[in-house]
Amino acid sequence: MTEGRLAGRVALVTGGGSGIGRAVVDRYVAEGARVGVLERDAERAAALVRDHGDRVAVEVGDVRTPAAHTASVARTLDVHGRLDVYVGNAGVYDYSARFEDLDADRLTAGFAELFETNVLGYLLGVRAALPALRHSGGTVILTVSSSGLYAGGGGALYVASKHAVVGLIRQLAHELAPDVRVNGVAPGATRTALGGLSALGTATRRLEPGGLARHIPLGFVSDPADHAGLYTLLADPRDSRFMTGAVLPSDGGLEVRGT
Ligand code: NAD
């Protein structure tokens, strides 16, 4: 068997049970890595173990809770023995809730749920993983979004949260250099089960990205696997050891939409 690009490496992926996170787990395993996962959906967690067996170590928990991160890092180290790559990815969407339609109570509740998942969840995860990453000379990869770079792909809450993630990548890259590299991947429209917010009554809503293709220069909506190679590149120091603080767009060319 040919050695994979990530043979001998151990990653931890949050939200690895579905969508982009699941594609990253599948790709990392295919590249020879062993993977820890923090996922709040127990059925998706069980499916990972069914499909990947002892290549994965899955912890069921919520990224808004510090103890869930401590537990998932501890489980990853216990089962796989080291940690080289931390992928913060679990996220929720505001389904483009318009700012003017949100009164102060809904704004406050929506902000708490969305920022605690999309921003605090990343901060807590990196915090918990950092000692092990320093030990291994490891790397952090955070899932951003085209909404971290542009307006119009979500509402004020989601777009602000993803812009915050870009700030987080830059500041952590600054603070953790030269020991730990910190980069991001910014996908555009992707066919996934991305959920909304309980606070806004959209928790079970699902994306219908079909009509978006005409706004994308490359003319199609992506699948989660279309982004997974970028997470592999950023995880492999042979290909990215001079990169930190970078955000790689994977959005069908939104930069060149034109006027
Ligand atoms: P998804 O819902 O298919 O996957 C997200 C996973 O995270 C799910 O398995 C979910 O159960 C888990 N999760 C959600 N909240 C959690 C929590 N509080 N604790 C633990 N696990 C939790 O959606 P996806 O589209 O793959 O989203 C992954 C990331 O990609 C998110 O950060 C999202 O903002 C980002 N993103 C998605 C798109 C898109 O078009 N789908 C585009 C750009 C960026």
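Order of appearance sets the numbers: ligands from 1, and atoms from 1 within every ligand. Heads up: numbering here begins at 1 and tracks the sequence. All of these numbers come straight from a predicted model, not from anything done at the bench.
- With hydrogens and angles left out, the side-chain atoms of Asp251 and Ser146 include no donor and acceptor closer than 3.5 Å.
- In this structure, Gly184 and Leu234 approach most closely via the heavy-atom pair O-CD1, 3.9 Å.
- The Gly19 neighbourhood of ligand 1 comprises atoms 3 (O), 26 (O), with distances under 4.0 Å to a heavy atom of that residue.
- Residue contacts with ligand 1 include Tyr158, since one or more of its heavy atoms lies under 4.0 Å from the ligand.
- For the pair Ser146 and ligand 1, the shortest N or O to N or O distance does not fall below 3.5 Å.
- At under 3.5 Å, a nitrogen or oxygen of Ala193, whether backbone or side chain, sits near a nitrogen or oxygen of ligand 1.
- Distances between N or O atoms of Thr117 and those of ligand 1 include no value under 3.5 Å.
- The protein heavy atom nearest to atom 40 (O) of ligand 1 is Thr190 N, 2.9 Å.
- Atoms of ligand 1 lying under 4.0 Å from any heavy atom of Ala90, numbered from 1 in the order shown and given with element: 7 (O), 13 (N), 21 (N), 22 (C).
- Residue nearest to atom 32 (O) of ligand 1, selected from Asn89, Thr143, Asp41: Asn89 (by heavy-atom distance).
- In the vicinity of Gly91, heavy-atom distances shorter than 4.0 Å reach the ligand 1 atoms 14 (C), 31 (C), 32 (O).
- If you number the atoms of ligand 1 from 1 as listed, the ones under 4.0 Å from a heavy atom of Tyr122 come out as 32 (O).
- We find the CZ-CZ distance between Phe115 and Arg64 to be 14.5 Å, quoted to the nearest 0.5 Å.
- Under the 4.5 Å side-chain criterion, counting only non-hydrogen atoms from C-beta, Leu172 is in contact with Val126.
- The nearest protein atom to atom 5 (C) of ligand 1, hydrogens excluded, is given as Gly15 O, 4.2 Å; this is a heavy-atom distance.
- Looking at Val63 and His69, their side chains come closer than 4.5 Å, going by heavy atoms from C-beta outward.
- Considering backbone and side-chain N/O atoms, Asp62 comes within less than 3.5 Å of an N/O atom of ligand 1.
- Relative to atom 24 (P) of ligand 1, the option among Val37, Thr192, Val92 with the closest non-hydrogen atom is Thr192.
- Checking side-chain atoms of Thr190 against main-chain N and O of Ser222 turns up no donor-acceptor pair under 3.5 Å.
- Crowding of Arg127 atom CZ: a count of heavy atoms from other residues, nucleotides or ligands under 6.0 Å not exceeding 12.
- If you check which protein heavy atom lies closest to atom 43 (C) of ligand 1, you get Pro187 O, 3.1 Å.
- Under the 4.5 Å side-chain criterion, counting only non-hydrogen atoms from C-beta, Tyr158 is in contact with Asn118.
- Counting atoms of ligand 1 from 1 in the listed order, those under 4.0 Å from a heavy atom of Ala189 are 40 (O).
- Close approach to Val144 involves these atoms of ligand 1, each under 4.0 Å from a residue heavy atom: 35 (C), 44 (C).
- The single protein non-hydrogen atom nearest to atom 11 (O) of ligand 1 is Glu39 OE2, 2.6 Å, given as residue, atom name and distance.
- Residues Val165 and Ile141 do not share a hydrophobic cluster, defined by chaining ILVMFWY side chains whose heavy atoms lie under 4.5 Å apart.
- For Ile20, a nitrogen or oxygen atom sits less than 3.5 Å from a nitrogen or oxygen atom of ligand 1, counting backbone and side chain alike.
- Atoms of ligand 1 found under 4.0 Å from any heavy atom of Leu207, numbered from 1 in the order shown, are 39 (C), 40 (O), 41 (N).
- Taking the side chain as every heavy atom from C-beta outward, Asp239 and Arg5 approach each other to under 4.5 Å.
- Counted within 6.0 Å of CZ on Arg170, heavy atoms from surrounding residues, nucleotides or ligands total 12 or fewer; the atom is thus considered open.
- Counting only heavy atoms of the protein, atom 3 (O) of ligand 1 lies nearest to Ser18 OG, 2.6 Å.
- No side-chain heavy atom of Leu197 sits less than 4.5 Å from a side-chain heavy atom of Tyr95.
- Considering backbone and side-chain N/O atoms, Val63 comes within less than 3.5 Å of an N/O atom of ligand 1.
- Side-chain heavy atoms closer than 4.5 Å link hydrophobic residues (I, L, V, M, F, W, Y) into clusters, and following such links, possibly through other members, connects Val85 to Leu230.
- Not one N or O of Ser145 is nearer than 3.5 Å to an N or O of ligand 1, by distance alone.
- Closest to atom 27 (O) of ligand 1, if we only count protein heavy atoms, is Leu194 CD1, 3.6 Å.
- Side chains of Thr202 and Tyr93: a donor-acceptor N/O pair is absent below 3.5 angstrom, by distance only.
- Near Gly61, with a cut-off below 4.0 Å to any heavy atom, the atoms of ligand 1 are 19 (N), 20 (C).
- Distance alone, capped at 3.5 Å, is enough to place a donor-acceptor pair between the Asp103 side chain and the Asp105 backbone.
- Residue Arg181 comes nearest to Thr139 through the heavy atom pair O-OG1, 3.1 Å, listed as atom of the first residue, atom of the second, then distance.
- In Lys162, the part holding a heavy atom less than 4.0 Å from any atom of ligand 1 is the side chain.
- Nearest non-hydrogen protein atom to atom 42 (C) of ligand 1 is Gly188 O, 3.5 Å.
- Counting only non-hydrogen atoms, the option in Arg44, Arg40, Glu116, Arg64 that gets closest to atom 10 (C) of ligand 1 is Arg44.
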